[in-house]
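The structure presented is a predicted model; accordingly, all values stated were derived computationally and were not measured.
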Amino acid sequence: MNAYIAEFVGTAILILFGTGVVANVNLKGSLAQGAGWVVIAFGWGFAVTFGVYAVGQFSGAHINPAVTLGFAFAGEFPWVDVVPYIIAQVLGAMVGALLVWLHFMPHFKAEEDAGTKLGVYATGAVYPNYVANFASEMIGTFILVMGLLFIGANEFTEGLNPLIVGFLITAIGLSLGGTTGYAINPARDFGPRLAHFLMPIPGKGGSNWKYSPVPILGPLSGGALGAAVYNTVFLSAPDVYLVAAIIFVIAVLVFGVFLNKAILKEETSKLM
């Protein structure tokens with residue numbers, strides 16, 4: 001299988017199971033409604049596990065632009081393949097989101113709350129604050145990419161690695177996911193959010209595009225920093241990308257300050 005097709009398929013599997021568990025737990029009339037956060041965290045962990053099992057032998061199963069960029073920063077992935085991988089991941093995420101809509105179509109129709117419908121596909125912050133929200137996504141993805149590099153540096157029984165990766169995703173969700181919904185994957189949020197925007201979901205409301213920079217820039221910068229820190233600290237290798245990653249992180253946080261001020265100004269003007 002072509003590596004780009006593999007990333008497309010793997011990400012579609014990830015989103016089918018991942019957004020599927022969110023739909024199962026939250027949409028009206030589902031027999032799993034109200035099952036809770038622990039079920040969602042394990043559902044996403046299993047989603048990653050089976051996405052990796054499906055295509056790992058063909059593409060390395062990044063199924064996440066932040067992982068692709070992080071591995072490029074770590075010198076373990078060719079830069080020339082970064083953009084094609086990301087395009088394949090986003091398209092696969094959109095297909096996975098479409099399948100979830102088809103599967104839960106009667107439940108989307110029965111659900112009255114537009115926010116719940118959007119929440120199946122897109123992440124959002126409990127307390128909107130761009131600096132804090134960027135930081136949450138950075139920290140989660142920093143741990144993800146560094147954790148993947150740790151896992152790759154250890155010997156496991158053949159075939160066990162994807163399961164360990166799934167447990168890593170579950171751990172991030174259980175420990176760090178309650179602030180922003182732990183996108184930790186730009187394709188996981190942008191592809192389904194775009195699908196939500198395009199699909200004829202009844203009563204769906206807006207797609208909350210003003211929040212969308214958080215699950216894109218936060219994971220990309222956090223993943224790049226995780227890879228650069230791993231190379232510098234754990235491999236004791238001088239990493240020319242460490243400075244670039246730090247600048248990337250600082251720039252995103254500064255952008256968060258700007259967005260906070262812009263939104264505060266907008267909200268103030270509405271009150272006047």
Measure across [X] and [Y] and return the closest heavy-atom pair with its distance rounded to 0.1 Å.
X      : Y      : answer
Ala66  : Pro219 : CB-O, 3.4 Å
Gly70  : Ala227 : O-CB, 2.9 Å
Phe234 : Met146 : CE1-SD, 3.9 Å
Ala23  : Val100 : CB-CG1, 4.2 Å
Ser136 : Thr179 : OG-OG1, 3.3 Å
Phe142 : Val229 : CE1-CG2, 3.9 Å

Kindly indicate whether the side chain of [X], heavy atoms from C-beta on, has any atom under 4.5 Å from the side chain of [Y].
X      : Y      : result
Tyr211 : Pro128 : no
Asn64  : Thr11  : no
His107 : Lys28  : no
Val25  : Gln33  : no
Val67  : Ile63  : no
Thr49  : Val165 : no
Phe17  : Val21  : no
Trp101 : Pro200 : yes

- Query: Tell me the side chain to side chain donor-acceptor pair (under 3.5 Å) pairs involving residues 84-100, sequence neighbours left out?
  - Reply: Glu7-Gln89, Thr68-Gln89

- Does any pair with a residue in residues 182-205 pass side chain to side chain donor-acceptor pair (under 3.5 Å), and if so which ones, sequence neighbours excluded? Thr123-Asp189, Asp189-Arg193, His196-Ser207

[atom1] of [X] to [atom2] of [Y]: how many Å apart, nearest 0.5 Å?
X      : Y      : atom1 : atom2 : answer
Ile247 : Leu225 : CD1   : CG    : 12.0 Å
Leu163 : Phe50  : CG    : CZ    : 8.0 Å
Leu99  : Ile13  : CG    : CD1   : 10.5 Å
Phe42  : Ile40  : CZ    : CD1   : 13.0 Å
Asp81  : Ser59  : CG    : OG    : 10.5 Å
Met138 : Ile143 : CE    : CD1   : 14.0 Å

- Message: Less than 6.0 angstrom separating the ring centers of Trp79 and Phe73, yes or no?
- Response: yes

- Item | Stepwise side chain to side chain contact (heavy atoms under 4.5 Å, CB included) test for Phe77 and Leu69 | CA-CA 8 Å; Phe77 187 73; Leu69 183 65; over 6 Å; no

- Verdict with supporting geometry, Phe258 and Tyr130, ring pair (Phe, Tyr, Trp, His ring centres under 6.0 Å): CA-CA 9 Å; Phe258 169 79; Tyr130 281 97; 9.8 Å; no

Just wondering, more than 12 heavy atoms not from [X] lying within 6.0 Å of its [atom1]?
X      : atom1 : answer
Phe248 : CZ    : yes
Phe46  : CZ    : no
Tyr4   : OH    : yes
Phe167 : CZ    : no

- Task: Would you check, one step at a time, whether the test side chain to side chain contact (heavy atoms under 4.5 Å, CB included) holds for Phe71 with Leu149?
- Result: CA-CA 9 Å; Phe71 280 18; Leu149 292 168; 4.0 Å; yes

Do [X] and [Y] share a hydrophobic cluster (ILVMFWY, side-chain heavy atoms under 4.5 Å, transitive)?
X      : Y      : result
Val126 : Val214 : no
Phe134 : Ile172 : yes
Leu217 : Val83  : yes
Leu259 : Leu253 : yes
Leu198 : Ile87  : yes

- Item | Residues Asn26, Thr116; criterion side-chain hydrogen bond (donor to acceptor under 3.5 Å, both in side chains); working and verdict | CA-CA 7 Å; Asn26 291 325; Thr116 299; over 6 Å; no

- Kindly say whether Ile15 contributes a backbone atom to a donor-acceptor pair with the side chain of Trp44 at under 3.5 angstrom? no

- Trace of the side chain to side chain contact (heavy atoms under 4.5 Å, CB included) decision for Val120 with Leu27: CA-CA 8 Å; Val120 169; Leu27 288 181; 4.0 Å; yes

- Message: Classify the ring geometry of Tyr121 against Phe108: parallel below 30°, tilted from 30° to 60°, perpendicular beyond 60°.
- Response: parallel

- Scan side-chain atoms only and decide if Thr180 and Asn133 contain a donor-acceptor pair under the 3.5 Å cut-off. no

- Task: Start with the C-alpha distance between Leu220 and Thr141, add both sets of side-chain angles, then the distance that settles side chain to side chain contact (heavy atoms under 4.5 Å, CB included), and finish with yes or no.
- Result: CA-CA 8 Å; Leu220 288 176; Thr141 318; over 6 Å; no

